[in-house]
J.: 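Attaching a single structure in structure tokens format; questions to follow.
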Amino acid sequence: MQFSIRIARRYLLAKKSTNAINIITGIAVLGIAVGSAALILVLSVFNGFEDLIATMYSNFNPDVKVTPAQGKTFTADTVMLEELLALEEVAAVTTSLEEVAFFEYKDNQDFGTLKGVAPNYERVVGIDTTVREGVYRLKDGEKDFAILGLGMRDKLNVNVGDPFTELGVYMPRRSQSRGMFSRQLQPFRRRYIYPGGTFVIQHEFNNEYVLAPISFARGLLEADANEVSAIEIRLQEGVDSRDAVTQIGTLLGEGYEVKDRFEQEAAFLKLMQIEKWLSYAIASLMLLLVSFNMIGALWMIVLEKQPDIAILRSMGALKTTIRDIFLVEGVLLSLLGLGIGIVLALGLYAAQKYIGLITVPGNFIVEAYPISLRFMDFVTVAATVVTIGLLAALPPALRSMRISALIREE
């Protein structure tokens with residue numbers, strides 16, 4: 001194999017007798033370089049969006065979320081919360097209670113989700129950093145305040161700066177008295193709360209959620225003092241979330257679902273992964289089509305080197321040795337194109353990262369397309385390019401095996 005590599009390297013660097021071979025080889029290497037850069041950049045853009053979405057979700061979704069396996073709510077007493085907080089992996093614990101509600105502000109009405117949160121909610125998620133109007137404040141003395149998603153604020157036309165107009169919140173009663181001599185209660189409970197601020201996270205959250213004190217939500221739901229729909233947990237820095245999920249699940253036992261941040265949005269993230277690898281497959285198909293130039297270049301090299309191959313055969317070289325020379329030649333051409341492609345991709349990455357060559361149209365959370373490089377992407381692209389190079393080199397390599405040895409005439 002060492003012999004095949006040395007010959008292939010010599011063929012790669014040697015000047016060809018026909019200028020057309022040099023041109024076709026150069027075009028093949030350039031095509032591989034552009035295709036390799038495209039593969040790296042496709043993965044990098046999807047990585048950038050994954051990181052961006054993970055950051056946005058981290059401002060609303062906790063590191064770990066505990067929900068009931070059945071039903072909507074469960075009881076989380078002080079003992080349970082203290083046991084969770086005592087775990088080495090856990091940094092902070094809070095509770096929340098959410099339910100669909102009907103909201104009314106002046107002449108505007110809409111449905112949404114009321115999420116009642118505990119006073120230490122901002123210690124678990126970064127919700128306070130996402131407030132764009134007003135301030136993150138849930139209570140001021142006896143006054144309750146709501147923090148609305150940007151979409152909910154727009155749909156209800158809420159004026160956050162108006163301290164005199166309250167937001168009406170309606171929720172169905174859990175039970176109604178229908179006795180013969182009792183007056184039928186109203187089917188909805190209604191309470192009022194002051195708009196205190198607007199948060200901006202992600203379209204789904206912005207258009208659906210209104211945050212309020214958990215005591216306000218319990219009052220509307222006629223819930224018990226320890227009734228919650230979820231326990232939300234922030235982990236210590238550097239803790240593996242899967243290990244923490246296992247520890248928390250073991251502590252709580254059966255009857256609870258314990259999910260890390262990615263499992264909480266599993267469907268959306270899986271869809272992103274499908275889109276990512278479909279895009280990668282399309283770019284790989286483009287690279288496979290470009291590899292036909294390499295087939296042509298290697299085929300012409302085989303034809304040009306027929307006398308050399310005949311001499312090698314007459315000197316005792318095996319057919320497999322001749323085949324390996326051109327297989328290695330294909331790999332070397334692929335690696336040369338890959339190296340140029342990596343340099344090109346790094347240059348475009350730096351330009352996008354620090355200058356913003358391609359901007360995002362419309363009013364998006366970022367001005368330019370996010371991009372992020374990961375080491376495993378280079379490994380994946382390198383494996384793809386080398387595999388395509390081997391496939392492209394196979395037909396010329398098989399052709400070279402059919403060249404006969406040089407026969408000396410007496």
J.: Considering the options Leu373, Asp377, Thr380, Val45, which one meets the side chain to side chain contact (heavy atoms under 4.5 Å, CB included) requirement together with Ile40?
T.: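 That would be Leu373.
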J.: So, Arg189 and Glu222, do they make that salt bridge, N to O below 4.0 Å?
T.: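 Salt bridge flag = yes for Glu222 with Arg189.
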J.: Look up atom CD1 in Ile127 and atom CG in Asn59, then write down how far apart they are to the nearest 0.5 Å.
T.: 7.0 Å
J.: Closest heavy-atom contact between Ser36 and Gly337?
T.: OG-O, 4.4 Å
J.: Nearest 0.5 Å, what's the CG-CZ distance between Asn206 and Arg132?
T.: 9.5 Å
J.: Please tell me whether Phe205 and Phe60 form a close aromatic pair, meaning their ring centres lie under 6.0 Å apart.
T.: yes
J.: What about the rings of Phe74 and Tyr256, do their centers lie closer together than 6.0 Å?
T.: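 Judged by ring-centre distance (under 6.0 Å), Phe74 and Tyr256 do meet the cut-off.
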J.: Are Glu133 and Arg153 close enough for a salt bridge, meaning some N to O gap below 4.0 Å?
T.: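 Judged by the 4.0 Å cut-off on N to carboxylate O distance, Glu133 and Arg153 do form a salt bridge.
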J.: So, the side chain of Glu275 versus the backbone of Met272: is there a donor-acceptor pair under 3.5 Å, distance only?
T.: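 No; zero donor-acceptor contacts below 3.5 Å.
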J.: Looking at every heavy atom in both Leu156 and Asp110, which two are closest together, and how far apart are they?
T.: CD2-N, 3.7 Å
J.: Which pairs with one or both residues in residues 281-294 pass side chain to side chain donor-acceptor pair (under 3.5 Å), sequence neighbours excluded?
T.: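 Every pair satisfying side chain to side chain donor-acceptor pair (under 3.5 Å) with a residue in residues 281-294: there are none.
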J.: Are the side chains of Trp277 and Leu43 in touch, meaning some heavy atoms are under 4.5 Å apart?
T.: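 They are in side-chain contact.
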J.: Show me the pairs that pass ring-ring contact (aromatic ring centres under 6.0 Å, His included) and involve residues 289-318, at least two apart or across chains.
T.: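 Residue pairs passing ring-ring contact (aromatic ring centres under 6.0 Å, His included), neighbours aside: none found.
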J.: Check whether the side chains of Lys115 and Tyr121 place a donor and an acceptor atom closer than 3.5 Å, and report yes or no.
T.: yes
J.: Taking only distance into account, with no hydrogens and no angle test, what donor-acceptor pairs under 3.5 Å do side-chain atoms of residues 341-354 form with protein atoms, sequence neighbours excluded?
T.:
unit_1, atom_1, unit_2, atom_2, d
Gln352, OE1, Leu357, N, 3.1
Gln352, OE1, Ile358, N, 2.9
Gln352, NE2, Ile358, O, 3.0
Gln352, NE2, Tyr369, O, 3.0

J.: Suppose we screen for salt bridge (charged side-chain N to carboxylate O under 4.0 Å, His left out). Which residues come up paired with Arg234, at least two apart in sequence or across chains?
T.: none
J.: Would the distance check show the side chain of Lys65 and the main-chain N or O of Ile233 forming a donor-acceptor pair, the cut-off being under 3.5 Å?
T.: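 Here the side-chain-to-backbone pair does not exist.
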J.: Any pair with a residue in residues 92-102 that passes side chain to side chain donor-acceptor pair (under 3.5 Å), sequence neighbours left out, goes on the list, sorted by first then second residue, please.
T.: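 Of all non-adjacent pairs touching residues 92-102, those that pass side chain to side chain donor-acceptor pair (under 3.5 Å) are Lys72-Glu99, Thr94-Asn120, Ser96-Glu232, Glu98-Tyr209.
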J.: Say whether Asp162 and Thr165, considering side chains only, have a donor N or O and an acceptor N or O under 3.5 Å apart.
T.: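 Their side chains do contain a donor-acceptor pair, which is all the 3.5 Å distance test asks for.
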J.: Report yes or no: does Asn47 contribute a side-chain atom to a donor-acceptor pair with the main-chain N or O of Ser372 at less than 3.5 Å?
T.: yes
J.: Output all residues satisfying salt bridge (charged side-chain N to carboxylate O under 4.0 Å, His left out) with Arg374, sequence neighbours left out; order by chain, then residue number.
T.: Glu50, Asp51
J.: Using 0.5 Å steps for rounding, measure from the CG atom of Asp144 to the CD atom of Glu142.
T.: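 Asp144 atom CG to Glu142 atom CD measures 8.5 Å (nearest 0.5 Å).
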J.: Please determine if Arg261 and Glu263 form a salt bridge, counting it only when a charged side-chain N lies under 4.0 Å from a carboxylate O.
T.: no
J.: Please check: side-chain N/O of Asp63 versus main-chain N/O of Leu235, any donor-acceptor pairing under 3.5 Å?
T.: yes
J.: Could you tell me whether Arg190 sits above the aromatic face of Tyr170, with NZ or CZ closer than 6.0 angstrom to the six-membered ring centre and within 45 degrees of the axis?
T.: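 No - Arg190 does not lie over the ring of Tyr170 by the 6.0 Å and 45° rule.
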J.: Would you mind checking if Glu166 and Lys143 are paired as a salt bridge, meaning a charged N to carboxylate O distance below 4.0 Å?
T.: no
